[in-house]
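Each ligand, and each atom within it, is numbered from 1 in the order the structure gives. Quantities reported herein were computed from a predicted structural model and do not represent experimental measurements.
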Amino acid sequence: MASSSSSLLASLLAFSLLNFIASATNFFQNCEVTWGNGRGQILNNGDLLTLSLDKTSGSGFQSKNEYLFAKIDTQIKLVPGNSAGTVTAYYLSSQGSTHDEIDFEFLGNLSGDPYILHTNVFTQGKGNREQQFYLWFDPTADFHKYSILWNPQHIIFLVDDTPIRDFKNHEKEGIAFPKDQAMRMYSSLWDAEDWATRGGLVKTDWSQAPFTASYRNFNEDACVWSSGSSSCGSGSNSQPWFSQELDSASQATMKAVQNKYMIYNYCTDKKRFPQGLPPECSLP
Ligand SMILES: *[C@@H]1O[C@H](CO)[C@@H](O)[C@H](O)[C@H]1NC(C)=O
């Protein structure tokens, strides 16, 4: 009895270790620091990546792969203390003037005041779909997981696996949806004291520099796009994320989070859209 349960335990351990290895992050393997002159660093054999910002420059990194649909997870620990004026961006984007883009941006604040999590979706060069949230935890105290699920029917933003936003494919109603341009993951830490904190009222305190954000456990479940073809092939795709959508319980959770933590929604900003709200705003 004892021996069979310990062998069960051993095989469970081996299984989870295998899983871990299969999805383990290695920033050296999957990403590259692209700017910042040494301010972005890959550490601990590739387990950790840090970006920093000082008066001279910010820094950034990107995924080596491009994707045509992906579920991207990253754990991020944001700039602690007085982070006013700083912006940590984490997004998927294609190239060019009619690019698609799926954005998470974290707007810093004075010590003890809340970060804003800013989200946006660009399709064919057109954005203006901002939704902003406060978080239900201090994002500087520890790592939290931020995920973008982009499949042919949905773009879902998740925080610690809780959905906060679901941008649906409404192509049938004539609304563009990103599905033809491959995107890459980008992240950067930069200064935007002109607008980031309380609309630019609170400036960056450079005596606190360098500001540092940390990343770990980057994971890409993706259809990798290379030389004009997708690693998923052209047929249907059996990976669960590819057809994932929110069931009714997850939709209820998302609604509750939005009710409690959303502080800006372009879909209710009638002043900004005097000609009428964008069409997706009135669709279910
Ligand atoms: C910063 O804190 C102020 C005061 O609580 C708040 O109004 C604002 O939304 C917070 N976040 C940012 C990024 O300005």
Checking heavy atoms under 4.0 Å, the part of Pro114 that sits near ligand 1 is both
Could you pull out the closest heavy-atom pair between Phe69 and Pro178, with the gap in Å? CE2-O, 4.0 Å
So if I count the atoms of ligand 1 from 1 in the order they appear, which ones are less than 4.0 Å from some heavy atom of Thr197? 14 (O)
Among non-hydrogen protein atoms, atom 6 (C) of ligand 1 lies closest to Tyr134 OH, 3.5 Å
Look at ligand 1 and say whether Gly108 reaches it with a heavy atom at a distance under 4.0 Å. yes
Exactly one candidate in Tyr90, Tyr146, Tyr215 meets side chain to side chain donor-acceptor pair (under 3.5 Å) with Thr74; the answer is Tyr90
Atom CG in Leu78, atom OG1 in Thr88: separation rounded to 0.5 Å? 5.0 Å
Please classify the Asn109 to ligand 1 contact at 4.0 Å (heavy-atom distances, strictly less than): side chain, backbone, both or neither. side chain
Can you sort out which atoms of ligand 1 are near Leu107, meaning under 4.0 Å from one of its heavy atoms? 13 (C)
When you compare the side chains of Glu101 and Tyr186, does any donor N or O come within less than 3.5 Å of an acceptor on the partner? no
Considering only protein heavy atoms, which is closest to atom 4 (C) of ligand 1, and at what distance to one decimal place? Asp113 OD2, 4.0 Å
shortest atom 14 (O) of ligand 1-to-protein heavy-atom contact is with Arg198 N, 2.7 Å
Pair Asp160, Thr162: side-chain N/O donor-acceptor within cut-off below 3.5 Å: no
Does the cation-pi check pass for Arg216 over Phe143, that is, NZ or CZ under 6.0 Å from the six-membered ring centre and within 45° of its axis? yes
